[in-house]
Amino acid sequence: MSRTVYLNGEYLPEEEAKVSVFDRGFLFADGVYEVTSVLGGKLIDFDGHAVRLQRSLDELEMDNPISKEDLLEVHRQLVTRNEIGDGLVYLQITRGAADRDFAYPKDAAPTIVLFTQAKPGLATSPLADKGIKVISIADERWGRRDIKTVQLLYPSMGKMAAKAQGADDAWMVEDGFVTEGTSNNAYIVKDGKIITRHLGNEILHGITRAAVLRFAAAAQMQVEERPFTIEEAKAADEAFITSASMFVMPVVEMDGEAIGSGAPGTVAKRLREIYLEESLKAAV
Ligand code: PMP
């Protein structure tokens, strides 16, 4: 079935949505994106994503072609038109089409695209009962990972390296410390304390991370925001990742070695429950 997608103010069948070959997203990866989860037809943490989108655009001096209110309306329209129960809405804004030049064009109109992907049963992923396996790789991305750009080739390479080793994902390491997963934030739990890297340019400021740390604090769980090593991860009681599409996902193996008991830990399980429950309550 053909989806309806949104392109520059129009709702179109996906086959009819076309972007210029001169689009700077295509030529320079000069674009930013957001992924918002949909559960039961409602958007999870829309506000957080809209705020981060604006920040990414500001950092790149890129115009925002849409107001927050209109953006919410487009998200809702796509969810309705494509009959999304559980799934996600992908949003991308690029600097638009212009003659190829490294300097930003002065008057290009930004390109804005949104589409949906259905993921039935997203919140009841059997993967969460098993947990995922990760490997460690060097972090060879650029230095502004706090900007959510569409240049995702290194994370793709990391994901492929993980698959080649029979694992699900990779945690990236820089100067001896874990930065984050290829498309998620990384956490370990030791002696009841949740440890995750502090915010900075080295990682994406996850919307799910912010929510989970808020819920953890409200549940009187101890949180320490600091860098940690792969050795600490291997010796941890448990580990997990967070992202808008995975929520809280336990990690049970690092570089072939079991973490803790080798099964999802109690802290990760509890945080997943709290996150889903609270996020659903606040969903729009
Ligand atoms: N880090 C990276 C590198 C990511 O790509 C993502 C997800 N896009 C995250 C962290 C998690 O962010 P969020 O919780 O906002 O999905």
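The first residue in the sequence is number 1, and the count goes up from there. Counting starts at 1 for both ligands and their atoms, in listed order.
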What are the atoms of ligand 1, with element, lying closer than 4.0 Å to any heavy atom of [X]?
X	value
Tyr33	5 (O), 8 (N)
Arg141	3 (C)
Thr182	3 (C)

Heavy-atom nearest neighbour in the protein, as seen from [atom], with distance rounded to 0.1 Å:
atom	value
atom 8 (N) of ligand 1	Lys148 NZ, 2.3 Å
atom 5 (O) of ligand 1	Ser183 CA, 3.4 Å
atom 14 (O) of ligand 1	Thr208 OG1, 2.6 Å
atom 12 (O) of ligand 1	Gly206 CA, 3.4 Å
atom 1 (N) of ligand 1	Glu180 OE1, 2.6 Å
atom 16 (O) of ligand 1	Ala244 N, 2.8 Å

**Report entry** Result of checking Leu57, Asn64, Thr94 against Val32 for side chain to side chain contact (heavy atoms under 4.5 Å, CB included)
**Finding:** Leu57
Query raised in the report: According to the interplanar angle, ranging from 0 to 90°, do the rings of Tyr275 and Phe247 count as parallel (below 30°), tilted (30 to 60°) or perpendicular (above 60°)?
Result: tilted
Query raised in the report: Aromatic rings Phe102 and Phe28: how do their planes relate, parallel, tilted or perpendicular, breaks at 30° and 60°?
Result: perpendicular
Query raised in the report: Does even one non-hydrogen atom of Phe247 get within less than 4.0 Å of ligand 1?
Result: no
Query raised in the report: Quick check: does Arg52 get an N/O under 3.5 Å from an N/O on ligand 1?
Result: yes
Query raised in the report: Going by distance only, is there an N or O of Ile207 that falls short of 3.5 Å from an N or O of ligand 1?
Result: yes
Using 4.0 Å as the upper bound for N to carboxylate O, is an ion pair formed by [Y] and [X]?
X	Y	answer
Glu225	Arg209	yes
Glu59	Arg144	yes
Asp168	Lys159	no

Report summary line: Only one of Glu202, Glu180, Glu174 passes salt bridge (charged side-chain N to carboxylate O under 4.0 Å, His left out) with Arg145, and that residue is Glu174
Could you tell me whether [X] approaches ligand 1 through its side chain, its backbone, both or neither, with non-hydrogen atoms closer than 4.0 Å?
X	result
Asn185	both
Ile203	neither
Tyr154	neither

Query raised in the report: Taking C-beta and beyond as the side chain, do His205 and Lys148 meet within less than 4.5 Å on heavy atoms?
Result: no
Query raised in the report: If you take all heavy atoms of Ala244 and Thr208, which pair is closest and at what distance?
Result: N-OG1, 3.0 Å
Requested in this report: For the pair Tyr90 and Gln92, evaluate side chain to side chain donor-acceptor pair (under 3.5 Å) and give the outcome as yes or no after the intermediate values.
Outcome: CA-CA 7 Å; Tyr90 177 88; Gln92 177 170 328; 2.6 Å; yes
